[in-house]
Amino acid sequence: MSAYRLHEVLVSQARPTAGLKHLFLGITLIFFGFVFLSFAYFQILQQFPDWPSIHAEWLGGTSARALWLMLLHLALLLLVLGFVVQEVHKRSLASLLGPRLLVSLDFRRVLRPLVILFTIIFFIPSPEGFEPIPNMASSAWALLLPLSLPLILLQVSAEELVFRGYIQSQLAARFNSPLVWMVAPSLLFGALHYDPVTYGPNAIYLAAWTVLFALAAADLTARSGNLGPALALHFANNVSALMLTSMQDHWDGLALYVLPFGPEAVETIRAMIPVEVLVILCCWLVARIAIRR
């Protein structure tokens, strides 16, 4: 497809090891390597004197330190991914990003209008029952920014490198159809976000929203030939969700405001999902305009 001609910039790096056996081996090593390092990570955390308190906060993401540790945890995924692409595919981790200058340029080109869009959305009056309430003082929130923003960028970078940089490009080197290299990683991304314990009957709808988000990121990656736009989309979305407005008592440890309900509000959350779908579609369109060449 001509719209995806720049995708070849990433795909060409994957062609020497485009066989499915390499990809399956890589995904297997990533999974078990991440599990092993995660176990070691938690063993270290359990040595902290106040680990019981941290663990309780971790379960709901209700404190800054718990969310920082959760986000830092994704550094282990980057370590495993770097090892796998080097040993299995004879590539560098940086090759999954695309040309460095283009990554930086497209990241900034997409992030700027997305910041404007999310700012506008933030100030749109909310319907009754959805009005955000303050979660912390703005001065305290501002003090969290210097560490929170880099850690959120770390988290989204790890996920984008695995799903769009690695799995998508390896599949595209083997299959021509976007129905394979775009849809398959997006479905996997959504499946990993399926959480019926937390979200109950809404889990399937939220996982479907995640698939839609992943498809938008996959499309932007293929159109631009680098991960810059997808990183900007993911970063803006997660900063909004974690640092601007979160659900009450659920991943709200860094949030300036919280919504007056939590994941247990099934009907309320279900009413929000169409709005969230519209928001991600608007973000995707804004990003596409920003990278149009």
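Numbers here simply count residues along the sequence, with the first being 1. Here the structure is a predicted model, which means the values were calculated and not measured.
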CA sep, side-chain torsions, deciding dist, call: Leu278, Cys282, side-chain contact (heavy atoms from CB on, under 4.5 Å): CA-CA 6 Å; Leu278 180 60; Cys282 290; 4.3 Å; yes
Assign the ring pair Phe189 / Phe163 to parallel, tilted or perpendicular, where the plane angle (0 to 90°) is split at 30° and 60°. perpendicular
Could you check whether the rings of His73 and Phe42 sit parallel, tilted or perpendicular, using 30° and 60° as the cut-offs?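 Geometry flag for Phe42 against His73: tilted rings.
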Spacing of [atom1] belonging to [X] relative to [atom2] belonging to [Y], to within rounding of 0.5 Å:
{"X": "Leu215", "Y": "Ile280", "atom1": "CG", "atom2": "CD1", "value": "10.5 Å"}
{"X": "Leu256", "Y": "Met136", "atom1": "CG", "atom2": "CE", "value": "7.5 Å"}
{"X": "Thr198", "Y": "Leu59", "atom1": "OG1", "atom2": "CG", "value": "9.5 Å"}
{"X": "Leu254", "Y": "Thr62", "atom1": "CG", "atom2": "OG1", "value": "10.5 Å"}
{"X": "Ser126", "Y": "Ile121", "atom1": "OG", "atom2": "CD1", "value": "11.0 Å"}
{"X": "Leu96", "Y": "His89", "atom1": "CG", "atom2": "NE2", "value": "9.0 Å"}

Is the shortest heavy-atom distance from the side chain of [X] to the side chain of [Y] under 4.5 Å?
{"X": "Val80", "Y": "Leu76", "result": "no"}
{"X": "Gln46", "Y": "His55", "result": "no"}
{"X": "Ser148", "Y": "Met243", "result": "yes"}
{"X": "Ile27", "Y": "Val162", "result": "no"}
{"X": "Leu231", "Y": "Leu97", "result": "yes"}
{"X": "Ile152", "Y": "Phe235", "result": "yes"}

Can a donor-acceptor pair be found between the side chains of Tyr257 and Asp252 at a distance below 3.5 Å? no
Check whether the side chains of His22 and Thr17 place a donor and an acceptor atom closer than 3.5 Å, and report yes or no.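 There is no such pair between these side chains.
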Looking only at the aromatic ring of each residue, does the gap between the centers of [Y] and [X] stay below 6.0 angstrom?
{"X": "His7", "Y": "Trp181", "answer": "yes"}
{"X": "Tyr194", "Y": "Tyr199", "answer": "no"}
{"X": "Trp209", "Y": "Tyr205", "answer": "no"}
{"X": "His193", "Y": "Phe213", "answer": "no"}

Grab the two heavy atoms, one from [X] and one from [Y], that are nearest each other, plus how far apart they are.
{"X": "Gly225", "Y": "Leu10", "answer": "O-CG, 3.5 Å"}
{"X": "Leu153", "Y": "Ser157", "answer": "O-OG, 2.6 Å"}
{"X": "Val11", "Y": "Ala172", "answer": "CG2-CB, 3.5 Å"}
{"X": "Gly26", "Y": "Val84", "answer": "CA-CG1, 3.5 Å"}
{"X": "Ala232", "Y": "Leu114", "answer": "O-CD1, 3.9 Å"}
{"X": "Glu57", "Y": "Ser63", "answer": "OE1-OG, 2.6 Å"}

Measure from NZ or CZ of Arg91 to the centre of the six-membered ring of Tyr166 and say whether it is under 6.0 Å with the direction within 45° of the ring axis.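 So Arg91 doesn't make the cation-pi contact.
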Are the side chain of [X] and the backbone N or O of [Y] linked by a donor-acceptor pair below 3.5 Å?
{"X": "Arg109", "Y": "Ala290", "result": "yes"}
{"X": "Ser240", "Y": "Ala236", "result": "no"}
{"X": "Asn135", "Y": "Val258", "result": "no"}
{"X": "Ser104", "Y": "Leu101", "result": "no"}
{"X": "Gln13", "Y": "Val9", "result": "no"}
{"X": "Glu131", "Y": "Gly129", "result": "yes"}
{"X": "Ser224", "Y": "Pro229", "result": "no"}
{"X": "Arg223", "Y": "Leu220", "result": "no"}
{"X": "Asp219", "Y": "Ala217", "result": "no"}

Taking atom [atom1] of [X] as the centre, report whether more than 12 heavy atoms of other residues, nucleotides or ligands fall under 6.0 Å from it.
{"X": "Phe83", "atom1": "CZ", "answer": "no"}
{"X": "Trp58", "atom1": "CH2", "answer": "yes"}
{"X": "Phe122", "atom1": "CZ", "answer": "yes"}
{"X": "Arg100", "atom1": "CZ", "answer": "no"}

Starting from the C-alpha separation in whole Å, work towards a yes-or-no answer on salt bridge (Lys or Arg N to Asp or Glu O under 4.0 Å) for Asp50 and Arg65. CA-CA 12 Å; Asp50 53 348; Arg65 64 177 180 175; 2.5 Å; yes
